[in-house]
There are 2 protein chains.
Amino acid sequence: MTPGVGRNTDAPAPRSADVAHLAGVSRKTVSRVLNNEPYVSDEARRRVLEAAEQLGYRLNHAARALASGRTRTIGVVALGTAGYGTASLLVHIEHAVRDAGYALRIVNTPDGDPKSIAGAVETLLEQGVDAIVVSEPVVEGEVSVRVDVPVLFLGAPPAFTAARTLTVDIAAHQLARAATEHLLDLGHLTVHHLAGPLRWYASKDRLEGWRAALTARGARKPPVVEGDWSPASGHAAGRELASDPDVTAVFAAGDEMAIGLIHALREAGRRVPQDVSVVGFDGNSVFAYITPPLTTARQPFQAAAREGIRRLVHTIEKPDTDLPPPIDPPIELILRGSTAPPPPHQG
Amino acid sequence: MTPGVGRNTDAPAPRSADVAHLAGVSRKTVSRVLNNEPYVSDEARRRVLEAAEQLGYRLNHAARALASGRTRTIGVVALGTAGYGTASLLVHIEHAVRDAGYALRIVNTPDGDPKSIAGAVETLLEQGVDAIVVSEPVVEGEVSVRVDVPVLFLGAPPAFTAARTLTVDIAAHQLARAATEHLLDLGHLTVHHLAGPLRWYASKDRLEGWRAALTARGARKPPVVEGDWSPASGHAAGRELASDPDVTAVFAAGDEMAIGLIHALREAGRRVPQDVSVVGFDGNSVFAYITPPLTTARQPFQAAAREGIRRLVHTIEKPDTDLPPPIDPPIELILRGSTAPPPPHQG
DNA sequence: TTGAAAGCGCTAACAC
DNA sequence: GTGTTAGCGCTTTCAA
């Protein structure tokens, strides 16, 4: 029963013609069966499947792509290095893509500036993809590529123009706002913000959510501190903020920066959460097990990936019909131990 | 200068024949230039490149693959969910693959049992790849697939037989041994072990490194506790171990399990590192910023990915020449604050 | 150093 | 329901 057993290993791989011959049908019928097309008798279908199995037949995707003009592959431009966020999003994208019956090509771009993104897109287009996913691109200038396949921008507005452009929000703005409001609700007079690199769209988005919350409550808007997503940058920011006694609450744009920040605060003798409250951003569950457990805003990576790929595949396969209505991603703030009411006011 | 500007967007994409025509050469010469083959005059090369640029020409990989039988693509069977280890390895593989001039296809397999791996390999083979990378497969039964491309097993022995099989070690055994020895050197009478799922090869490898260290020193071998890589499983294991006063040192097979473990120990009133020392495994730098900072064994992901892809590409391109000699991956134990000498003996 | 012809394995369009 | 014919865009002979 093991496919290929007994077949001479040096023999050329079987082609659809071999299957057709063995099944006693034409190549076209084989093709129909393999593509689940209608108008094939059950009997023919059965014989084809049996013959394919018996020969250990594997369809040649390159030939199919060449003949059909479609690759059944989705390309992803992944951003940044091995952070939890990127990795998590990628896993969910892979899953959604495979569920949809597509293959996945990935190109990573350590820095997501327009030029690198353009290069990555160009690479994917040349490799052959039916659509492209760009995750959280950095905004800063225009990307100029000729793109004739649909493009999905995850968690950011379009960074370049394509034939068909889709956008799926990851609700970062609302999450940032919810995180900030949580701190204000606890009684903090204001909330400081440790942002990601400000040239990243993701950073701006979170920053605006934070700012919107402060504006809505009429709270003072302290200057923003800029990090680079790394725990080291959070640590550096923490040293700075620790020296300012007015700082009682900080919203960090990433969990890892939050961890570095908390470490610096404690080194400076400021307790978390008794003296300073900290909220992170991402939702990595490992930070539930540190001391103090990190309160954080969970990004709905899975929902966003599913929804995005669903819309993308729809655009590939039924370009003329309307897209299904968007599903709003869930907003989830995970309350743990790093936040508390502010310390009593020290005249 | 922008490629494609001014070209009618609805016009068919230019083919190599169009480039040949514009450059005044044959299609074969265009092909030679694009593949960096010898025997092309500088003049012809220049004209071809210029024409390609002018037309915004993009080579069709599907056609090339069909004609040449080579895809210039490497497929990766990625294991597990979004852990730091997997993600980090993947990023380094992507980098190495791209440096080598290859494209990347990825199939993820949440559980790495033989059947899932066989399915993933089959999928990649059908999509078309020149080689396959299998990262840290689980051992448990045989995988039966007919594989006629070279396969690289990263951090584990071959999980199935292929035409050509390569192996690159991630030095987990040595790292586990070094981690255990570090604890013994501090004066601990023995070291407990929190392992990953024992059906994973990676778990067994680390377990054996731990056991080898104990054997070499003639230390008692306590029963192994089994986790599932998650911080929650580390936490559960920690509750168990905390109740045993003989436990003064634990080597955890993953950083995240170590974090959960430490949390449980502290909840039970056992201080880390004063009462119990803990060493993790992976090397995620964020855990340098928690309290206490985690001592851990850093896995040489980058070195292993580079070395593995280098050997794989050699096997694809020069199958008849000898492989370059293997480069031993570096062993790196990162000493931080979660380890200390054992507490004074309590008669 | 270059080119002409043949064909990679599949699907599209159209006949039956 | 099924088969026939003609390519998809490239590389591979092999000849010049």
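Quick note on labels: first sequence line is chain A, next is B, and so on, each numbered from 1.
Mapping B:Val40 and A:Leu34 onto DNA chain C by nearest heavy atom places B:Val40 at the nucleotide closer to the 5' end. Nearer the 5' end of DNA chain D, as judged by each residue's closest nucleotide, is the contact made by A:Asp42, out of A:Asp42 and A:Arg27. The nearest heavy atom of DNA chain C to A:Arg32 and to A:Leu59 marks one nucleotide each, and the one closer to the 5' end goes with A:Leu59.
Put simply, CG on B:Asp18 is 14 Å from C1' on D:dC8, counting in whole angstrom units. One atom, CG of B:Asn35, and another, P of D:dT11, lie 5 Å apart when rounded to the nearest Å. The distance between atom CG of B:Leu66 and atom P of D:dT12, rounded to the nearest whole Å, is 12 Å. In this entry the distance linking CZ of B:Arg15 with C1' of D:dC10 reads 11 Å, nearest Å. Atom-to-atom, CD of B:Glu37 to C1' of D:dC10 comes out at 12 Å; the value is rounded to the nearest Å. Per the geometry, CZ belonging to B:Arg70 stands 12 Å off P belonging to D:dT11, to the nearest Å.
Not counting sequence neighbours, B:Arg32 has no partner by the salt bridge (charged side-chain N to carboxylate O under 4.0 Å, His left out) test.
The shortest distance between the side-chain N/O atoms of B:Ser31 and the OP1/OP2 oxygens of D:dT12 is not below 4.0 Å. Contact check, A:Tyr39 against D:dG3: no side-chain N or O comes under 4.0 Å of OP1 or OP2.
Using a 4.0 Å cut-off between charged side-chain N and carboxylate O, B:Glu50 and B:Arg47 make no salt bridge. A salt bridge links B:Glu122 to A:Arg58: one of the charged nitrogens lies within less than 4.0 Å of a carboxylate oxygen.
Note on B:Ala44: only backbone sugar-phosphate atoms sit closer than 4.0 angstrom, heavy atoms only; bases stay farther off.
In this structure, CG in A:Asp169 is found 9.0 Å from OG1 in A:Thr167, a value given to the nearest 0.5 Å.
The overall bend of the helix from C:dT1-D:dA16 to C:dC16-D:dG1, read as the angle between its terminal helix axes built from five base pairs each, is 20° when rounded to 10 degrees.
The closest side-chain donor-acceptor pair between B:Thr73 and A:Arg105 falls under 3.5 angstrom. With no hydrogens or angles considered, no side-chain donor-acceptor pair links A:His61 and B:Thr71 at under 3.5 Å. Side chains of A:Arg98 and B:Asn108: a donor-acceptor N/O pair is absent below 3.5 angstrom, by distance only.
Contact between A:Pro319 and A:Arg164 at its shortest, heavy atoms only, is CB-NH1, 3.4 Å.
No more than 12 heavy atoms of other residues, nucleotides or ligands lie within 6.0 Å of NE2 in B:His95, so this atom counts as exposed by the packing criterion.
A 4.0 Å heavy-atom criterion places the boundary nucleotides of DNA chain C facing chain B at C:dT1 to C:dG9, written 5' to 3'.
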